[in-house]
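Just so it is clear: chains get the letters A, B, ... in the order the sequence lines come, proteins before strands, and each one is counted from 1. Side chains included, hydrogens not; waters and symmetry mates left out as well; all remaining heavy atoms used.
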Amino acid sequence: MSSCAMARQMRLSGLVIQWWDLLSKRLKIRTISSGKAQQTCLERSGKKRSGKTWINRNNHRLLIRLLSRKGRIFMIRTHYSTQVTSEMNGTSVTICGWAHEIRDLGGITFLVVRDREGMVQVTLFKKAIDKNVLEVVRNLSRESVVAVTGTVKKEAKAPNGYELVPTQVIVLGKADSPLPMDTTGKVDADLDTRLDARFMDVRRPHTQAIFRIRHLMLKSIREFLDREGFVEITTPKVVATATEGGTALFPITYFEREAFLNQSPQLFKQLMMSGGLDRVFEIGPIFRAEEHDTRKHLNEATSIDIEASYLDNEDVMAILEKLVKHVYSSVAEKGAKHLETLGVEITVPETPFRRITYDEAISIARDNGEKIEWGDDLSTESEHSIGKTIGEHYFITDWPTKIKPFYAMPYEDKPEICRAFDMMHPRMELSSGAQRVHSYELLRKRIADQGLDPDGFEFYLKAFKYGMPPHSGWGVGAERLLMTMLGIENIREVVLFPRDRKRLSP
RNA sequence: GUCCGGAUAGUGUAGCGGCCUAUCAUGAGGGCCUGUCGAGCCCCCGACCCGGGUUCAAAUCCCGGUCCGGACGCCA
């Protein structure tokens, strides 16, 4: 078959592939596994000529060449690196990924290809390999993107017990050199350098493990809250007024008006209690224009917020501690591989978490030599000293009303303290929440007491006038939950593109 | 924002008035090598944050700036 004819038509075990099949979406490569064995199969859907054929080492190379010629490069991958096993000895596969390392020993050359899941060793024997293939590999720069088609060879001397003997290596994306940082773990890079080249930093198995765990964490939170009857909502991040007071907001231009980036979904999730969704949650960005410069603060963070009707502060605390436990055990179970990459072992916390009142908290801090007055917020030092004393997750309850936001419900018999709580990790605060004020009159008064203008909250207060159920809720800092779970020191490690006082790019 | 520390090849570092034509590793380029797996060996390339000052002499000391790290402050 001439190369021109091959480009138009190819026969694979009775299934005739036309060139237009390659341009359409009708053609799919599927990996079918039965038990441990995996086979690759080419499928064509369509009204007339549907069918499938097994791909073996003879026709696979032909197919790959044809596909790459037609620009359908994305379907050429047949396996992730970890899907290949030594039992597949003799079968042809295509792995796509980055040239992690190239070790040229003269008569034998090793190319290590890294994809999301792991690494594969590609072995080229000088005498036995196609000269062009060898040339491509020898000229490869580290971190270039390649598609390697080759035969799986069971080999005790190779990592994982197998290697790939390539029949074709296509360079899909050439990498310049020198690289902005090392990806092999031989030379460290500062966090600042890594953030400047985050795309490359995320290629490192270590960094990637953090974000794979972040995914598992968020997924387990959604699972848990869904099971508890919560409805996921999304609320606006562009808002008209400074919502809650307290924190500084980022002003933005909204057509001819001034607007702000929202500091929290607080007011909106409460509106949905009046809206009758009964239990809601949101996982989304929050923005704070504070000039803080620490390892646990960001100007753009992710908050996990819930609000629930007919539950009091104790009820939502119980949900919170169960959630934390669920996240830890889900991550421990489903993220075992990533935890191993990080060298981290996590201990699922026991529930219920210990509860101490604000009064008890300040007396612990005082016993540890901290100077703190009743009515003060906890300083970093106090927080650390109490955390050290308790040594595990805990709640601080019954806060002074005046240092908590206006929506926290004061105790009826003792209005100087309120039904607010913080959920703490020994290292830092993870969450704060409260039973909310649901009486219109009281809420108006509380807003005024905090030195804010109730008229500026009309959009919010209105919902309290026409039937607002009693309700409670909390917000958890997603990054803090993750960093404390993994023992990571700097919050920037757990955000892909952190925004802090100095960093606005990338 | 305050205080403390820092800025040296692409990356990570040593040097802290003259021994600096600046150390080591990694990397890049070239060479040898058929089982590497942080491969090894030989050759070679590449840097003192910016501005001002002190001094016979500054990577090194002083001042200002910028950036980075840490602690604290601020922080629903």
Side-chain angles (χ1 to χ4, degrees), chain A residues 100-112 114 119-129 134 138-139 141-143 153 155-161 163 175-197 200-201 204 239 242-249 262-270 286-299 301 303 305 307 377-384 399 403-408 420 422 428-429 431-434 436 450 452 473-477 489-490 492 500-503:
Chain A
H100 187 68
E101 279 186 295
I102 303 132
R103 281 190 280 272
D104 186 355
L105 275 63
I108 186 168
T109 302
F110 298 102
L111 161 66
V112 178
R114 186 194 67 242
M119 312 215 194
V120 164
Q121 174 167 288
V122 179
T123 306
L124 300 92
F125 301 93
K126 190 180 176 182
K127 285 181 181 159
I129 208 82
L134 185 63
R138 281 192 166 159
N139 289 326
S141 51
R142 283 165 70 231
E143 294 303 319
K153 185 183 160 207
E155 174 56 72
K157 281 181 277 190
N160 310 322
E163 60 196 11
D176 266 1
S177 100
L179 300 168
M181 58 176 287
D182 169 59
T183 54
T184 63
K186 286 181 204 162
V187 185
D188 289 339
D190 288 342
L191 179 59
D192 195 49
T193 307
R194 288 166 41 215
L195 290 175
D196 281 340
M200 187 147 292
D201 182 42
R204 296 165 63 231
V239 295
T243 46
E244 301 164 51
T247 196
L249 301 187
N262 208 178
Q263 69 187 101
S264 119
Q266 180 63 34
L267 272 31
F268 293 100
K269 65 180 183 171
Q270 282 191 265
I286 55 169
F287 304 90
R288 306 207 171 159
E290 295 298 332
E291 302 208 350
H292 36 48
D293 188 11
T294 78
R295 296 193 294 176
K296 58 178 186 181
H297 289 278
L298 288 170
N299 295 292
S303 111
D305 267 87
E307 203 66 29
D377 208 342
L378 261 35
S379 67
T380 306
E381 260 179 295
S382 306
E383 212 175 89
H384 289 167
W399 286 76
I403 57 169
K404 282 292 173 187
F406 58 76
Y407 46 75
D422 280 4
M428 68 188 80
E429 178 192 331
S431 170
S432 65
R436 322 299 191 185
Q450 299 277 19
L452 298 163
W474 43 250
V476 173
E489 301 282 339
N490 195 320
R492 280 156 262 247
D500 61 35
R501 183 72 185 88
K502 298 282 175 57
R503 185 174 283 278

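- Nearest-nucleotide mapping onto RNA chain B: of A/L105 and A/S432, the residue sitting toward the 5' end is A/L105.
- Nucleotides B/rU26 and B/rA14 place their C1' atoms 15 Å apart, quoted to the nearest Å.
- Nearest to the side chain of A/A189, among B/rG12, B/rA28, B/rG38, sits B/rG12.
- Listed nucleotides: B/rG12, B/rC74, B/rG35. Nearest to the side chain of A/T123: B/rG35.
- At the heavy-atom level, A/S379 lies under 4.0 Å from the strands shown only through sugar-phosphate atoms.
- Of the C1' atoms belonging to B/rC49 and B/rC37, the separation is 39 Å, rounded to the nearest Å.
- Put simply, the side chain of A/I102 does not reach to within 4.5 Å of the side chain of A/R138, judged on heavy atoms.
- The side chain of A/I108 lies closest to B/rU34 when the candidates are B/rU34, B/rC75, B/rG1.
- The side chain of A/K127 contributes no N or O atom lying less than 4.0 Å from OP1 or OP2 of B/rU34.
- The phosphate of B/rG35 has neither OP1 nor OP2 within less than 4.0 Å of any side-chain N or O from A/R103.
- A salt bridge is absent between A/D293 and A/R501; no separation between the charged side-chain nitrogens and carboxylate oxygens falls under 4.0 Å.
- Note on A/D377: nothing from the nucleic acid sits closer than 4.0 angstrom, heavy atoms only.
- Of the candidate nucleotides B/rU36, B/rA28, B/rC72, B/rC72 has the atom lying nearest to any side-chain atom of A/T380.
- Among the protein residues, A/E155 comes within range of the nucleic acid bases, having at least one heavy atom under 4.0 Å from a base atom.
- In the set B/rG35, B/rU13, B/rA71, B/rU13 carries the atom at the smallest distance from any side-chain atom of A/D190.
- Look at A/N299 and you won't find any side-chain N or O under 4.0 angstrom from OP1 or OP2 of B/rC75.
- Between the side chain of A/Q121 and the base of B/rU36, at least one donor-acceptor pair of N or O atoms lies under 3.5 Å.
- One can find a donor-acceptor pair under 3.5 Å joining the base of B/rG35 and the side-chain atoms of A/E163.
- Each of B/rG35, B/rC74, B/rA39 was ranked by its minimum atom distance to the side chain of A/T294; first place goes to B/rC74.
- At the heavy-atom level, A/D188 lies under 4.0 Å from the strands shown only through sugar-phosphate atoms.
- Checking the phosphate oxygens (OP1, OP2) of B/rA39, a side-chain nitrogen or oxygen of A/K186 falls inside 4.0 Å.
- Where A/V476 and A/E489 each meet RNA chain B at their nearest nucleotide, the meeting point lying more 5' is that of A/E489.
- Within the nucleic acid shown, A/H384 comes within 4.0 Å of sugar-phosphate atoms alone, with no base atom in reach, counting heavy atoms only.
- Distances from the side chain of A/H292 to the nucleotides B/rC74, B/rG35, B/rG27 place B/rC74 closest.
- At a threshold of 4.0 angstrom between heavy atoms, the contacts of A/P159 include nucleobase atoms, whether or not backbone atoms are also involved.
- Here A/N490 lies in heavy-atom contact (under 4.0 Å) with sugar-phosphate atoms only.
- The side chain of A/K502 contributes an N or O atom lying less than 4.0 Å from OP1 or OP2 of B/rC68.
- Of the listed nucleotides (B/rU26, B/rG38, B/rG35), B/rG35 has the atom at the smallest distance from the side chain of A/K153.
- Minimum heavy-atom separation, A/E307 to A/Q266: OE1-NE2, 4.3 Å.
- Within 4.0 Å (heavy atoms only), A/L191 reaches no atom of the nucleic acid at all.
- Considering only side-chain N and O atoms, A/T184 lies nowhere under 4.0 angstrom from the phosphate OP1 or OP2 of B/rU26.
- Separation of atoms OH (A/Y407) and CZ (A/R436) is listed at 6.0 Å; rounding is to 0.5 Å.
- Atom CG of residue A/N299 and atom CG of residue A/D500 lie 6.5 Å apart, to the nearest 0.5 angstrom.
- With rounding to the nearest 0.5 angstrom, the OG atom of A/S303 is 9.5 Å from the CH2 atom of A/W474.
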